[in-house]
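The residues of the chain are indexed from 1 along the displayed sequence.
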Amino acid sequence: MDGTLESIFNLHVLTTGRRLFALRQVRAIAKEQRFTELVKHCDAAIEHDLATRALERRWAGEPVATGANPAAQRIDVLVDRTLGAIRDHVVAQTQGAAPDDPVHKEVAAFLKPIFPVSVQAITSLPYIDELAAVDDIVALLKGELAPAVKEFGLGRLVTRLADLAVQYREALEAPPPSLIDWGRVRAARAEGQGLLLEALAIILGKHHERTREGTEARLALLAPILQQDEAIGQYLRSRRAIADVNPETGEDEPAAPTPAAAATPPPAAAPGAPEQPPSA
C-alpha cells in the first residue's frame, strides 16, 4: 500500500515559481489566522524553493562565476603538442647533417613563417588568439608550404592540426555546458513539491470539519494552491507548454533555455513541465 502524500493528493506538480507564489499567499493567510505551525512550515518550503529556483537558473545555463571551458582546455593541449611535434620533426632533419648541408636553410625557411618567434609564443596565447594563429599556420602548410610539408614527411601532422583547429573552433563557439547535474534539479523540485503537499496535510489536519466555518477556513488556505493547480490543468488540457510564473507577481515568465547537456531529460520531467503524480 502506498501511503505517500503524492499518492493521496491528486494535485499537479507545480513549477517552482508557482509553488513560491502560492506558498507566500498561504503564509500570509496563516499569519493572519495565527496558524503558527503552518507559517513555520511555509517559511521552510519557501526557503527551499528559492534555492531550487537558483539551481534551475544555473542548470539552464545562466552565467556562472567560472569561465572554464573543459572541451577547449582538452583540445588546447592537443594543439600545443601537435605544434611542438611539427617543429621537432622538422628540426630533426638537421641532426647529423653536415654544416654546409642546404637542409639547415630549408628548415629555417620553413619554420620562420610558422613560428616567427617560437612555438611557446603561440601556445601561450589566449584560446581565441591561438585558434586564429593555428588557422593561419594550417593555411600556410596547405598552401605555399605544401611542397616542404611533403618533403619533410609532415602530412599526418598537418592533417591532425587541421582537424584539431575545427574541433577547437567548435569548442570555443559552443554554449558552455551546465555545471549542474539534471538529477540535482529534479530532486530539488520533487522535495519542493513534497513540502507543498505537507502544507496541504497541515491545513487539512487543522480544518477538517465539514461545517460551513471549517470549509471556509480550509478553502481560504487552500485557494492559492488550488488556483495554481487549476492553471496547470488548463495548460495541459489545451496541450500548451506550461509556463512558470514570477514568484512575486504571479505573472507568466518566458521559458528558460535548456542546456545541451540535458536537452532530452525523461519526458515526465522535461524542464519547465511539471510531472503528473498518480491519482488518489
Side-chain angles (χ1 to χ4, degrees), residues 1-57 185-256 268-269 272-280:
M1 179 180 295
D2 187 355
T4 62
L5 294 178
E6 286 81 359
S7 69
I8 295 172
F9 294 122
N10 185 21
L11 188 73
H12 295 107
V13 177
L14 305 190
T15 58
T16 306
R18 291 181 185 276
R19 283 198 304 270
L20 281 167
F21 184 64
L23 284 167
R24 283 170 170 163
Q25 292 178 291
V26 172
R27 186 193 185 282
I29 298 170
K31 187 175 181 180
E32 290 179 2
Q33 295 183 1
R34 297 183 180 179
F35 194 166
T36 306
E37 180 185 4
L38 183 56
V39 170
K40 183 183 296 186
H41 181 79
C42 286
D43 285 340
I46 290 169
E47 181 180 2
H48 171 81
D49 270 337
L50 286 173
T52 300
R53 191 167 170 83
L55 190 67
E56 288 173 336
R57 287 179 171 177
V185 179
R186 186 171 187 176
R189 289 176 173 177
E191 176 63 15
Q193 182 71 11
L195 291 171
L196 180 75
L197 297 181
E198 288 180 19
L200 262 67
I202 293 171
I203 294 170
L204 296 176
K206 181 175 179 64
H207 298 294
H208 55 81
E209 306 93 342
R210 288 174 291 168
T211 61
R212 182 168 62 86
E213 293 78 7
T215 300
E216 290 177 352
R218 182 166 60 247
L219 287 178
L221 289 165
L222 292 177
I225 299 172
L226 297 180
Q227 287 170 0
Q228 294 303 322
D229 181 66
E230 174 57 25
I232 287 181
Q234 290 179 5
Y235 275 106
L236 294 175
R237 288 191 291 273
S238 62
R239 298 181 181 275
R240 290 181 294 154
I242 297 170
D244 202 358
V245 301
N246 183 305
E248 300 286 347
T249 66
E251 297 177 350
D252 284 2
E253 290 188 332
E275 303 166 357
Q276 177 65 45
S279 300

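In R34, the CZ atom is not crowded: 12 or fewer heavy atoms of neighbouring residues, nucleotides or ligands sit closer than 6.0 Å.
The pair R19-E56 does not meet the salt-bridge criterion, since no charged nitrogen lies less than 4.0 angstrom from a carboxylate oxygen. Salt-bridge annotation for R218 and E209: absent, with no side-chain N of the basic residue lying under 4.0 Å from a carboxylate O of the acidic one. With respect to the salt-bridge test (charged N to carboxylate O, under 4.0 angstrom), the residues R237 and E230 qualify.
With values rounded to the nearest 0.5 angstrom, D43 atom CG is found 4.0 Å from R27 atom CZ. Rounded to the nearest 0.5 Å, atoms CG (L200) and CD1 (I225) are 4.5 Å apart. Between the CD1 atom of I203 and the CD atom of E198 there is a distance of 12.0 Å, given to the nearest 0.5 Å. Distance check, rounded to the nearest 0.5 Å: CD of Q227 to CD of Q25 gives 6.5 Å. One finds the CG atom of L226 at 7.5 Å from the CG atom of L219 (value rounded to the nearest 0.5 Å). The distance from the CD1 atom of I232 to the CG atom of D244 is 8.5 Å, given to the nearest 0.5 Å.
Using modelled atom types, one side-chain atom of H48 and one backbone atom of A188 make a donor-acceptor pair closer than 3.5 Å. Between the E253 side chain and the A243 main chain, no donor and acceptor come within less than 3.5 Å of each other. The backbone N or O of G17 sits nowhere less than 3.5 Å from a side-chain atom of N246 that would complete a donor-acceptor pair. Using modelled atom types, no side-chain atom of R53 and backbone atom of T16 make a donor-acceptor pair closer than 3.5 Å.
For L20 against P247, the heavy-atom pair with the smallest separation is CB-CB, 3.5 Å. Closest of all the heavy-atom pairs between C42 and V26 is SG-CG1, 3.9 Å. Counting all heavy atoms, side chain and backbone alike, Q193 lies closest to L14 at OE1-N, 3.1 Å. Contact record, R18 with A231: NH1-CB, 3.7 Å, taken as the closest heavy-atom pair. Closest approach of Q228 and A22 over heavy atoms only: CG-CB, 4.1 Å. The shortest heavy-atom contact between I29 and P224 is CD1-CG, 4.3 Å.
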Residues Q33, L221; criterion side-chain contact (heavy atoms from CB on, under 4.5 Å); working and verdict: CA-CA 10 Å; Q33 295 183 1; L221 289 165; 3.5 Å; yes
Derivation and outcome, side-chain contact (heavy atoms from CB on, under 4.5 Å), residues L196 and L11: CA-CA 10 Å; L196 180 75; L11 188 73; 4.0 Å; yes
Evaluation steps, side-chain contact (heavy atoms from CB on, under 4.5 Å), between H207 and E216: CA-CA 9 Å; H207 298 294; E216 290 177 352; over 6 Å; no
Worked verdict on L222 versus L204 for side-chain contact (heavy atoms from CB on, under 4.5 Å): CA-CA 9 Å; L222 292 177; L204 296 176; 4.2 Å; yes
